[in-house]
Asker: 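Sharing a structure below in structure tokens format, with a few things to ask.
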Amino acid sequence: MSILVALDQGTTSSRAIVFTTDGRILASHAIEFRQHYPKPGWVEHDPEDILTTQVEALRRAVEMSGVDVRQITAIGITNQRETTLLWDKSTGRCVHNAIVWQCRRTAPYVERLVAQGMSDTIRQKTGLVPDAYFSGTKLAYLLDTLGLRPRARSGKLCFGTVDSFLAWNLVEGRPHVTDATNAARTMLFNLHTQQWDDELLSMLDIPREVLPEVVDTAQIIGNLRTEILGRPIPVAAMAGDQHASLFGQACFEPGMVKNTYGTGCFMLMNTGEVPVESNSGLITTMAWRLDGTPTYALEGSVFMGGATVQWLRDELGLISSAAESETLAQAVPDTAGVFLVPAFTGLGAPYWDMYSRGTIVGMTRGTGRAHIVRAALEAICYQSADLFSAMVADRGNRVPARLCVDGGASANGFMMQFQADILNVPVMRPVIMETTALGAALLAGLGAGVYASKEEAAAAVRADLTFHPAMAQCDRQAALEGWHRAVERSRGWAKPEGSPLQSAKAVP
Ligand code: ADP
């Protein structure tokens, strides 16, 4: 029996999952690690924590699985995206904590780039909307504040996202590499040429010498260092988490789309071998790069996905567990005209209104907690439907045959049925909901030659439940119209900073 192992290095935990080549999970282990918040809006990880928890999770999962280490054919890495590390080439020591994707400290860099009129260039070359999330400004910040440009120029430092950092530390010979999906989140990588871009590098004064070599998503980059598991095992794939999940859902054809319902929701649509520019502020990114051939994707996210359910539980106390939201929502036939817009931190694509705020409309004396809970679950689906519509519009109005779903909140059957109803498209939930890890394992299998093609790997991806749309067209139209009216009510509520009308509490 041949075994594949996925390392899933996430924002709050490091996990390892041991898979059979037909996609069964033999064992899984996760270890949480500390988040550091040095200032409001700043987020860091200790690089040592990332490394030690990841190695320990790997060792424990392999031990729990009972497999002989010799059976492990390949290891795949998938990771939290955009988080930025910088280390010394000779000692391997990081010069600073990892700056986590959520960290807002480089917002002034982005404002400066926008003021310099760089938005169009960034958008056209990288597919990204300029934002502090992406690694480029975080790297520039480290070089600036630590005065490291001369050392960087002389080739003494290595920059990397978490995939690079793990490859450097876990793979024999310390390769300095990143895969194309991770490179595409730096704001320094040209999607069209598939290379680091000189104009983007000079925009942030980044010396080329610090950058990793960009490799395919599935290829052997070297062997796992022998002391970790006692044997040298090929590390054969690296992919950002959302890209691995798209692969783990077997969304291989243009137009195939997945949505992950976690704290936020991440929707990615495979758009094939040509990058598609969005008219609705979606991001153009990589799906993956195999045998040197790039496959592109459109990406959109919902800020408040499962987090809306957490809010119902923790702030309002309307439910005692996330799972209870489903029973409660089904206790009423509908929301009785109530709409909840969870714009707690503004609205993303396709609205891009940072001044929107959470709003509940349509309440009457008869409105009860079940209506509010139901409206909250429906809101997660409406927001996802807005992204879906934007993607469909960007691809010439071709409607996908289905939406593939995963993530913690996709366990909610009521929500998945409502999603199918409101999209008028079947929603398919797979047997293995750990699609990110599965994707990394399948990519590793592909990179190591366990599968001859991605189609062969896809045999490991099995549908569990399909939710078929069952809502009448007129009801769907009325529901969507109600939602969009509610969104209008939520817009432009918060006042820009410095305004006398600003409520300090309302603006995070
Ligand atoms: P992340 O990877 O972002 O931490 P997960 O995929 O683990 O997220 O999903 C956790 C989220 O899913 C939480 O926000 C939680 O509120 C939500 N969630 C979990 N179970 C349910 C459920 N049955 N119904 C609705 N939401 C749920």
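All residue numbers refer to positions in the sequence shown, counting from 1. Ligands are counted one by one from 1 in listed order, and the atoms in each one are counted from 1 as well.
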Asker: How close does the nearest protein non-hydrogen atom get to atom 3 (O) of ligand 1, and which residue and atom is it?
Answerer: T263 OG1, 2.7 Å
Asker: I need the full list of ring-ring contact (aromatic ring centres under 6.0 Å, His included) pairs touching residues 313-338, with sequence neighbours left out, sorted by first then second residue.
Answerer: none
Asker: Hey, which atoms in ligand 1 end up nearer than 4.0 Å to a heavy atom of G407?
Answerer: 6 (O)
Asker: Shortest non-hydrogen contact from V177 to S164?
Answerer: O-OG, 2.8 Å
Asker: Side chain, backbone, both or neither: which part of A409 comes within less than 4.0 Å of ligand 1 when only heavy atoms are counted?
Answerer: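 Under 4.0 Å from ligand 1, A409 contributes backbone and side-chain atoms.
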Asker: Name the one of N182, D241, T436 that satisfies side-chain contact (heavy atoms from CB on, under 4.5 Å) with N79?
Answerer: N182
Asker: Cationic tip of R81 within the cone over F266's six-membered ring, i.e. under 6.0 Å and within 45° of the normal?
Answerer: yes
Asker: Quick one: does NZ or CZ of R289 land under 6.0 Å from the six-membered ring centre of Y296, within 45 degrees of the ring axis?
Answerer: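 Output no; distance or angle outside limits.
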Asker: Near S325, which atoms of ligand 1 are under 4.0 Å from a heavy atom of that residue?
Answerer: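 Counting from 1, the qualifying ligand atoms are 24 (N), 25 (C).
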Asker: Report yes if V309 has an N/O atom closer than 3.5 Å to an N/O atom of ligand 1; otherwise report no.
Answerer: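 Checking ligand 1 against V309, no N or O pair falls under 3.5 Å apart.
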Asker: In chain order, what residues pass the salt bridge (charged side-chain N to carboxylate O under 4.0 Å, His left out) check against D386, with sequence neighbours excluded?
Answerer: none
Asker: Could you tell me the residue and atom name of the protein heavy atom closest to atom 22 (C) of ligand 1, and the distance to it rounded to 0.1 Å?
Answerer: A322 O, 3.8 Å
Asker: Heavy atoms only: which of Q310, M304, R313 is nearest to atom 13 (C) of ligand 1?
Answerer: Q310
Asker: Under 3.5 Å between any N/O of G408 and any N/O of ligand 1: does that happen in this structure?
Answerer: yes
Asker: Which ligand 1 atoms does A307 reach within 4.0 Å, using its non-hydrogen atoms?
Answerer: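 Once the distances to A307 are compared, the set is 14 (O).
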